[in-house]
2 protein chains.
Amino acid sequence: MLNITRKVEYALIALRHMQSKNDIGLTSAKEIAAQYGIPKQLLAKTLQQMSREGIVKAVHGPTGGYKIAANLKKISLKDFFEKLEGPLGMMDCYFDSECVQISNCNIRVPIQRINNNMRDMFSQMTLQEITQ
Amino acid sequence: MLNITRKVEYALIALRHMQSKNDIGLTSAKEIAAQYGIPKQLLAKTLQQMSREGIVKAVHGPTGGYKIAANLKKISLKDFFEKLEGPLGMMDCYFDSECVQISNCNIRVPIQRINNNMRDMFSQMTLQEITQ
DNA sequence: TTATATACGACAAAAATTATCGTATATAAT
DNA sequence: ATTATATACGATAATTTTTGTCGTATATAA
């Protein structure tokens with residue numbers, strides 16, 4: 001319960017790996033997959049997604065790869081999680097509001113409160129703190 | 001990502017429902033299931049688990065049911081979650097230490113830090129705050 | 001004795017997650 | 001030009017987790 005996904009885990013590993021190179025040069029999905037024993041294709045897709053989100057920059061062709069493109073100090077963990085996995089909450093009703101039970105749900109308000117706490121917490125942590 | 005389970009959700013609903021009765025009388029799984037549109041058997045199992053954990057007390061037989069047995073002010077949300085769902089962390093490696101990759105995992109330390117933050121947060125909230 | 005409630009292991013269904021496949025495109029090197 | 005290697009990405013498959021059900025046993029009020 002309350003786990004992050006492999007996708008996010010792989011993304012963090014990749015970012016940290018790239019950052020350890022001091023933003024110099026490119027890193028291929030292959031290199032990271034091999035070093036950390038991660039499925040290459042899945043990692044590649046995750047890097048592609050981060051590329052679309054502007055977190056990394058992709059370079060095609062042989063000798064190509066990825067490099068960090070954003071200022072990780074300016075991306076909160078909350079934003080990062082939501083870029084990769086969508087809305088961040090303990091229960092979907094926080095966003096959906098489509099719950100059939102909503103009329104007699106008796107824990108909606110307290111759940112919202114916890115959600116806000118959690119979102120606050122992850123808003124106050126930056127990607128940089130994880131990958132530095 | 002970072003969702004709680006239905007089991008925990010149902011447990012919270014049940015506790016809040018029972019508490020709204022001011023700890024007077026018993027409440028059957030059937031009653032709660034009907035009122036909130038919850039699968040009865042699953043709810044029953046959850047109540048049974050809470051009974052084993054001493055959170056509620058069960059009474060057999062017709063006119064039987066459950067009532068709150070513990071002081072909810074003294075049970076943190078972290079303890080509650082862990083009673084129902086086991087160790088609370090964003091990644092299993094926080095507890096397992098059985099991860100094959102552990103030797104070259106580069107995000108273990110920062111992940112532990114986030115985990116600790118999360119556990120602290122839920123340690124500071126009580127069940128009472130949710131169900132009152 | 002009957003009806004109704006809890007107790008619980010085993011099993012089944014459904015959903016979400018994780019991983020792979022196939023194909024297309026870009027580009028450096030030969 | 002051709003080749004080799006990298007990213008791009010939709011579709012699909014495999015796996016795992018979550019969610020729900022079944023069957024049977026036990027307790028107890030009426």
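Computed over heavy atoms, backbone and side chain alike; hydrogens, waters and symmetry mates excluded.
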*asked:* How many whole angstroms separate atom CD of Glu9(A) from atom C1' of dA19(C)?
replied: 14 Å

*Rounded to the nearest angstrom, tell me the gap between atom CG in Asn3(A) and atom P in dT17(C).*
11 Å

*side-chain contact (heavy atoms from CB on, under 4.5 Å) between Cys93(A) and Arg108(A): does it pass, once the steps are laid out?*
CA-CA 8 Å; Cys93(A) 69; Arg108(A) 188 172 170 79; 3.5 Å; yes

_Restricting to side chain to side chain donor-acceptor pair (under 3.5 Å), what partner residues turn up for Asn115(B), sequence neighbours left out?_
none

Which donor-acceptor pairs under 3.5 Å do the side chains of residues 80-89 of chain A make with protein atoms, sequence neighbours left out?
{"from": "Glu82(A)", "atom 1": "OE2", "to": "Leu88(A)", "atom 2": "N", "distance (Å)": "2.7"}
{"from": "Glu82(A)", "atom 1": "OE2", "to": "Arg119(A)", "atom 2": "NH1", "distance (Å)": "2.9"}
{"from": "Glu85(A)", "atom 1": "OE2", "to": "Thr5(A)", "atom 2": "OG1", "distance (Å)": "2.4"}

*Side-chain touch Ile75(A)/Ile55(A), heavy atoms, less than 4.5 angstrom*: yes

*asked:* Less than 4.5 Å apart, side chain to side chain, heavy atoms only: is that true for Met50(A) and Leu15(A)?
replied: yes

*Within this structure, what is the NZ-to-P distance between Lys40(B) and dC8(C), rounded to whole angstrom?*
16 Å

_Once ring pair (Phe, Tyr, Trp, His ring centres under 6.0 Å) is applied, what residue pairs with a partner in residues 37-69 of chain A remain, sequence neighbours excluded?_
none

*Taking Thr27(B) as the fixed residue, which of Gln35(B), Met18(B), Lys67(B) is the one that meets the side chain to side chain contact (heavy atoms under 4.5 Å, CB included) rule?*
Met18(B)

*Which residues pass the side chain to side chain donor-acceptor pair (under 3.5 Å) test with Gln48(B), sequence neighbours left out?*
none

_Please identify the 5'-most and 3'-most nucleotides of DNA chain D with any atom under 4.0 angstrom from a heavy atom of chain B._
dT19(D) to dA29(D)

Output side-chain donor-acceptor pairs under 3.5 Å for residues 125-132 of chain B, partner residues at least two apart or in another chain, one line each.
{"from": "Thr126(B)", "atom 1": "OG1", "to": "Gln128(B)", "atom 2": "N", "distance (Å)": "3.4"}
{"from": "Thr126(B)", "atom 1": "OG1", "to": "Glu129(B)", "atom 2": "N", "distance (Å)": "3.3"}
{"from": "Gln128(B)", "atom 1": "OE1", "to": "Gln19(B)", "atom 2": "NE2", "distance (Å)": "3.2"}
{"from": "Glu129(B)", "atom 1": "OE2", "to": "Thr126(B)", "atom 2": "N", "distance (Å)": "3.0"}
{"from": "Thr131(B)", "atom 1": "OG1", "to": "Gln19(B)", "atom 2": "OE1", "distance (Å)": "2.6"}
{"from": "Thr131(B)", "atom 1": "OG1", "to": "Leu127(B)", "atom 2": "O", "distance (Å)": "3.1"}

*Which residues in residues 54-66 of chain A have at least one heavy atom lying under 4.0 Å from any atom of DNA chain C?*
His60(A), Gly61(A), Pro62(A), Thr63(A)

*asked:* So, using side chain to side chain donor-acceptor pair (under 3.5 Å) as the criterion, who are the partners of Gln49(A) when residues are at least two apart?
replied: Lys7(A)

*Atom NZ of Lys7(B) to atom P of dC8(C): distance rounded to whole Å?*
13 Å

*Could you check which residues of residues 42-51 of chain B get a heavy atom under 4.0 Å from DNA chain D? Sort them by number, please.*
Leu42(B), Lys45(B)

_Starting from Val109(A) and following side-chain heavy-atom contacts under 4.5 Å between hydrophobic residues (I, L, V, M, F, W, Y), which residues can be reached?_
none

*Residues in side chain to side chain donor-acceptor pair (under 3.5 Å) contact with Lys78(B), at least two apart in sequence or another chain*: none

_Duplex segments of DNA chain D, taken as runs of at least three Watson-Crick or G-U pairs that stay under 3.5 Å_ = C:1-30 with D:1-30

*Looking at side-chain heavy atoms only, is the closest gap between Thr63(B) and Leu26(B) below 4.5 Å?*
no

